[in-house]
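Accompanying notes for the structure given below.
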Amino acid sequence: MDNLIDGRRIAGDMHAETAQRVTCLKEQGVVPGLVFIRVGEDPASRVYVGMKEKKSQELGIDSRTLVLDESTTQEALLGLIADCNADPTIHGILVQAPLPPHIDETIVFASVSPQKDVDGFHPVNVGKLMLHQPDGFRPCTPAGVHSLLCRSNVPLEGAEVVILGRGNIVGKPMAAMLLQKSPQANATVTLCHSRSQGVGEHCRRADIIIAAMGVPHFLKKDMVKPGAVIIDVGVNRIADPGSRTGSRLVGDVDFDAVQPIAGMITPNPGGVGPMTIAMLMANTVLAAERACSS
Ligand code: GUN
């Protein structure tokens with residue numbers, strides 16, 4: 001049954017567009033520069049940053065990863081970010097979360113120059129998203145979901161959308177994007193969270209469900225209206241004694257049960273994940289284009 005939204009293919013289309021923009025910038029003598037900052041050796045962060053760095057190099061973006069020791073002070077990290085903010089060859093800065101507990105993530109994200117904040121986490125960029133001011137940066141995962149929906153021709157105008165999860169990285173900015181007064185949005189958005197009542201009822205009304213609360217296989221078949229579009233943002237590691245590593249990654253959607261009744265559905269992996277990287281690359285090139293024209 002082919003109701004899959006192929007995130008890898010759509011991300012591939014976006015990468016081809018981004019690579020063209022990189023070529024165009026290079027003709028003007030500008031090479032987009034992206035710096036990843038990683039603190040400590042969190043295994044998942046190593047994998048994520050490695051994937052992002054590889055893709056940026058494939059696209060002709062000059063990227064490098066700065067790795068700091070787990071015991072690095074917040075002051076030292078802020079000093080490094082200030083150096084990157086001042087370096088005109090660096091157009092994008094990404095500080096990989098999670099940071100060690102002695103470092104305050106809020107302070108760190110707010111110290112990245114808003115013009116280089118390709119993650120879209122700086123309060124200025126969060127505010128610009130809320131105000132629908134297009135000169136900010138949109139956070140990569142919700143922007144990737146928005147792009148997946150638009151490029152899959154899912155009607156958004158007037159659609160009933162339920163977002164599961166109110167996090168700052170996905171749920172809240174996702175709601176802001178779909179609420180915009182724009183033909184590419186104009187949805188009716190319901191944001192459910194851990195204290196919501198009647199989540200199943202909200203979901204059964206939805207034309208589109210975006211699951212981003214981090215609960216393995218939360219969304220069951222009996223919560224889905226037949227024909228609804230299902231987007232699974234979840235990345236959850238669960239025990240799997242039968243696997244070589246003893247665990248595996250699953251999403252927030254009970255995929256096998258939901259796929260047969262969904263209108264369209266993202267596989268996981270291969271749905272939202274590749275789009276997050278595609279949006280990061282696009283944001284980096286956008287940062288370089290803006291720096292070049294300012
Ligand atoms: N950790 C998990 N997801 C993200 C992300 O999108 N950006 C950053 N900086 N860290 C993350």
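Indexing begins at 1, ligand by ligand and atom by atom, following the structure's order.
- Distances from atom 6 (O) of ligand 1 to the heavy atoms of Asp119, Asp42, Ile93, Leu280 put Asp119 nearest.
- Under 4.0 angstrom from ligand 1, there are no non-hydrogen atoms of Tyr48.
- With 3.5 Å as the limit, one finds a donor-acceptor pair spanning the side chains of Asn3 and Gln259.
- The protein atom (non-hydrogen) at minimum distance from atom 11 (C) of ligand 1 is Gln96 NE2, 3.4 Å.
- Looking at Glu75 and Thr73, their side chains never bring a donor and an acceptor atom within 3.5 Å of each other.
- The closest approach between any non-hydrogen atom of Val95 and ligand 1 is below 4.0 Å.
- When each atom of ligand 1 is checked for a heavy atom of Leu94 under 4.0 Å away, the hits are 9 (N).
- Between Lys54 and Glu58, at least one side-chain nitrogen of the basic residue sits less than 4.0 Å from a carboxylate oxygen of the acidic one, meeting the salt-bridge criterion.
- The shortest distance between side-chain heavy atoms of Met213 and Asp252 falls below 4.5 Å.
- Using modelled atom types, one finds no donor on one side chain facing an acceptor on the other under 3.5 Å when comparing Ser45 with Arg38.
- Nearest protein neighbour of atom 1 (N) of ligand 1, counting heavy atoms only, is Ala97 O, 2.9 Å.
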